[in-house]
Structure formats: structure tokens, C-alpha cells
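Protein chains get the first letters and strands the later ones, always in sequence-line order, with residue 1 at the start of each. Just so we're clear, the structure is a prediction, and the values are computed from it rather than from any experiment.
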2 protein chains.
Amino acid sequence: MINSVVFYQTMNDKSETEKKIFEAARDVFHRRGFDGARMQEIADKAKINKALLHYYYRSKDKLFEAVFREALKRIGPIMFEALDREVPLEKKLKMFVSNYIDLVTKHPFIPGFIMHEMHTNKTRFKTFLKENKHGIIKLNKLKSQLKEGIDKGQYKNVSVEQLIINVFSLCAFPFAARPVFQTVLDIDDAGYRKVLEERKKLIPEIILMSLKK
Amino acid sequence: MINSVVFYQTMNDKSETEKKIFEAARDVFHRRGFDGARMQEIADKAKINKALLHYYYRSKDKLFEAVFREALKRIGPIMFEALDREVPLEKKLKMFVSNYIDLVTKHPFIPGFIMHEMHTNKTRFKTFLKENKHGIIKLNKLKSQLKEGIDKGQYKNVSVEQLIINVFSLCAFPFAARPVFQTVLDIDDAGYRKVLEERKKLIPEIILMSLKK
DNA sequence: GTATATTTTAACCATATGGTTAAACCTAAT
DNA sequence: ATTAGGTTTAACCATATGGTTAAAATATAC
């Protein structure tokens, strides 16, 4: 038995096969969610035998956990750290939005994936966040920046929580609900990509507008 | 065999048992999604035998379809019609947001449910929308109102599509991603309810602000 | 080249799950 | 009371699915 079931090691240590398996698993889990994913489909996609999945990752749960952790690890720095940096608020928001949209463009299923798994298994998320040290968004810097602006009479009196919710909603939902929007607004793939790209400029504008007096 | 598999009839025609089944099914499907839902759990929740499910609704697919259709029927009038009414734009937006939040407060799983099922089975949604005549949001009225405001120099030049995406994102995402937000922002249930209630005022403000020059 | 360890496979297994069937059980009309 | 219709149940069935095992294949060390 290979030692790769251990999670703290980096991808570099993984064998080619293990990478293939992981990527196939990520693809399938992201698309279908835990319940919808079939070990057979993952095996097929990785072009290996189903038993190999259990050789590298002992169970569906373990394999899923690896995928789920990676997803959180990807958005973690953006979600939990980017907003806490020592950067002027307006610039920070622009950077955040741009980075988030770029990341999720590369992994478009992440928002929906995390949301759905959170709904069906809240404990998993909480456990992971807690052990990962950045379980709760560090709002200190953002809070003080906001307060400063409010005290100066520059910004309106908005809570950090609402601000965060607004930013994430405007960024993530167009990805999570993409099929709904595309259908309902009758937009093709190319058109929707353009819409998403436009939002890199649009969202910071909206957020800053909503802050200013 | 009862005639209730037919979908166009109203709830009134349904027997008590059938209602019990449907409500149990709705609950389970909304929470767990199609793949995560177990017929046994639905039966247990409805306090009937599993075979009765198949007596009233021939298959899991049929039962799911009924639930899915009802969800769309609920949000349909709001999503597809409310925005097309002959009401001043600003008032319309306020009404929409308030109605949407009220509805989804009653059925908090609907946004996530629809989003997830859309991702895993796009055709189902499209088929349903097409046959239901309001498959595509009627944007005519909204479009002309927006154009009017732009021509008057009152509004900025924003596309209807971005406007709709913004409104829906700000309304729906806080429900769909509720567990994520609550965890990550460390807010309890009562606190989050308050946050949601606040948004009835907040969202129209943001949207109008983002429109105005 | 042979022995040893690792990787991969084919064939199985146990269980969960959607679905079926035939009989029992009402209920209302005659 | 009997019958006929719809309703409900217990017991089953077939299959899909996660997981196991033992052997084959391949690489690695000596």
C-alpha cells in the first residue's frame, strides 16, 4: 500500500496514476456531487481498474474528502486571506473579484459543488475549516478599513457581513447558477463568458457605489 | 390506479395520502437532491409503505418530476412575470426582492435544489421551461424601462442581462450558500434571519444605486 | 538472472435500492 | 350481506454499487 492516502503531502509526491485518479475523481465529484458520483465512472475516466481506486484511496469517502479539501484549499486563500491584506479597500475589492472570477473560470463547478455538499453535510465543512485554522474569515482588517471610511463620512454604515455576502453573491452565483441563467436569458456559451468577463469591472463598481455616500 | 399521476391537476384533487407523499418527497428531494434522496426515507417520512409511493407515482423519476415542477411553478411567477409588469422600475425592483425573499424564506432549499439539479440534468429544466411557455424571462418591459431611463440620462448604460444576474445573485445566493456564510462569518440562525430580512431594503438600494448616474 | 516489493487486474461479494406482485383491507353502492 | 372498486401492505426481485481478494504483471534491488 502506497502512503499517499495521507493528505498533507503535496501533489508532487503522487504517482502518475494517483494524479490521474485524483483528477478524474475531482471532475466527477464536482459535476455530480458525492451522491451522484459513481466509482466506476471515476475509474473509467482515469482509464484504470475500479479496484485501483480503493488501492490508492481506501473508500469513496476518503477520495471525496481529498477532492473536497482541495477545492477548499483553492478558494481558501482567496476567501479567507485576500480580504484581510494590508491593501487599500477599493484596490482590495478589485483584486479579489478579478482573482475569484479567474479561479472559478478555471474550476467552474467549485461554487456549486461546495454549496451542495455543505447543504447535505454541514459537519464535514465545519470540521475541515476548524482544523485548517482559517475556518472563519478574518474580518479585522476589512472591518477597520470600513470603519475608517464610515468615520470619515466617506462610506455608508454597512455591516461587514452584508458587504461580504454581497461580494460573494455577485461573484459566485453567476457560476453556480450558470445553466439557469443561460437558459432563462437565452445566452450561448461564448456570450456568457463575455458576461462573466464584464463582471470583473462591473462588480467592484457596484460594491463601491453601494458603499459610498 | 388513481389518476393522480397526471400533473396538470391541482393539489385539491389529491387524496390525503398523496399529499402526505408529495410533501415528504418535496422535503427529501429539496434537502438531498435527486441522487441523495431515498424512496425509503420518503416513505418513512410520509408514514406509509414504500410500495405506496409507486402506486401513486410510478417511479422515483416521476415523483421527482412532480417536485421539480412544483418548485419551478412557485418561483415561476416571480422569476418570469413579476419583472415584466407595468409598474415603475424602482417600485418593481423593491416588490420583486421582497416577494422573492419571502417566498424563499418559506422554502429555503429551492434555490440550491434547482441549481444543483440544473447542473446535473440540464435537459430536464430546459424541457420543462419550454413546455411551460415562460421558458425565457420576458424582458421587454424591463428593457424598455431601462432604455427610457438611460435615454433620459437618469440611468447608466447597463445591460438587462447583467441587471437580472445582479438582482438574482443578491437575492438567491444568501439562501443557497447559507451554511457556508453562517459558518464562515460565524453567525447563528437568529442572526442570519435578521441579515436576510435586512436585505429586503439593502438589495433594492444597491441595485438602484448601481443604475443611477 | 533471481528474488522482492509494488502496481494492476479480473473475478467476486454483500448490501442498498428502486421497483414488483399478490394478497389483505377498507369503503361505498346495491 | 355481497360485491366491486380503490387503497395499503408484506414479501420479494433484479440490479447497481461500493468494496474485497487473490493472482498476475511490472518494476526494483541484489
Asks: Could you tell me the separation between the CZ atom of A:R38 and the C1' atom of D:dG19, rounded to a whole number of Å?
Replies: 14 Å

Asks: Looking only at side-chain N and O atoms, does A:Y56 come under 4.0 Å of OP1 or OP2 in C:dT8?
Replies: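 Yes, because at least one side-chain N or O of A:Y56 sits under 4.0 Å from OP1 or OP2 of C:dT8.
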
Asks: Whole Å only: how far is the CD atom of B:E16 from the P atom of D:dT8?
Replies: 11 Å

Asks: From C:dT7, D:dG6, C:dT21, pick the nucleotide closest to the side chain of B:A51?
Replies: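 Of the candidates, C:dT21 comes closest.
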
Asks: Side chains of A:N166 and A:Q162: do they bring a donor and an acceptor to under 3.5 Å?
Replies: no

Asks: Counting only N and O atoms by type, is there a donor-acceptor contact under 3.5 Å from the side chain of B:K92 to the main-chain atoms of B:R85?
Replies: yes

Asks: What is the distance, rounded to the nearest whole Å, between atom CE of A:M39 and atom P of C:dC12?
Replies: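 It is 21 Å, rounded to the nearest whole Å.
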
Asks: Please tell me which of the listed nucleotides, D:dT8, C:dT8, C:dG19, lies nearest to the side chain of B:S59?
Replies: C:dG19

Asks: What distance do A:D61 atom CG and A:F34 atom CZ have between them, rounded to the nearest 0.5 Å?
Replies: 4.5 Å

Asks: To the nearest Å, give me how far apart NE2 (B:H54) and C1' (D:dA11) are.
Replies: 15 Å

Asks: Over how many whole Å does the gap from A:F64 atom CZ to D:dG19 atom P extend?
Replies: 14 Å

Asks: What is the distance from CZ of B:R32 to P of C:dT17, rounded to the nearest Å?
Replies: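 Rounding to the nearest Å, CZ of B:R32 and P of C:dT17 are 11 Å apart.
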
Asks: Taking only Lys NZ, Arg NE, NH1 and NH2, and the carboxylate oxygens of Asp or Glu, determine whether B:K201 and B:E198 approach each other closer than 4.0 Å.
Replies: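 Looking at B:K201 and B:E198, the cut-off is not met.
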
Asks: Determine the contact category for A:A43: base if any of its heavy atoms lies under 4.0 Å from a base atom, sugar-phosphate if only primed atoms, P, OP1 or OP2 are that close, otherwise nothing.
Replies: nothing

Asks: When you measure from the side-chain N and O atoms of B:T17 to the phosphate of D:dT7, is any distance below 4.0 Å, counting only OP1 and OP2?
Replies: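 For D:dT7, OP1/OP2 do not have a side-chain N/O of B:T17 under 4.0 Å.
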
Asks: How close or far is atom P of C:dT17 from atom NZ of B:K60, stated in whole angstroms?
Replies: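 Rounded to whole Å, this separation is 9 Å.
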
Asks: Let me know the distance between CD of B:Q40 and C1' of C:dT17, rounded to the nearest Å.
Replies: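 After rounding, the gap between these two atoms is 9 Å.
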
Asks: Are the side chains of A:T120 and A:E117 in touch, meaning some heavy atoms are under 4.5 Å apart?
Replies: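 The answer is yes, as the side chains (C-beta and beyond) meet within the 4.5 Å cut-off.
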
Asks: Whether the side chain of A:K50 and the base of D:dG19 hold a donor-acceptor pair under 3.5 Å is what I'd like checked.
Replies: yes

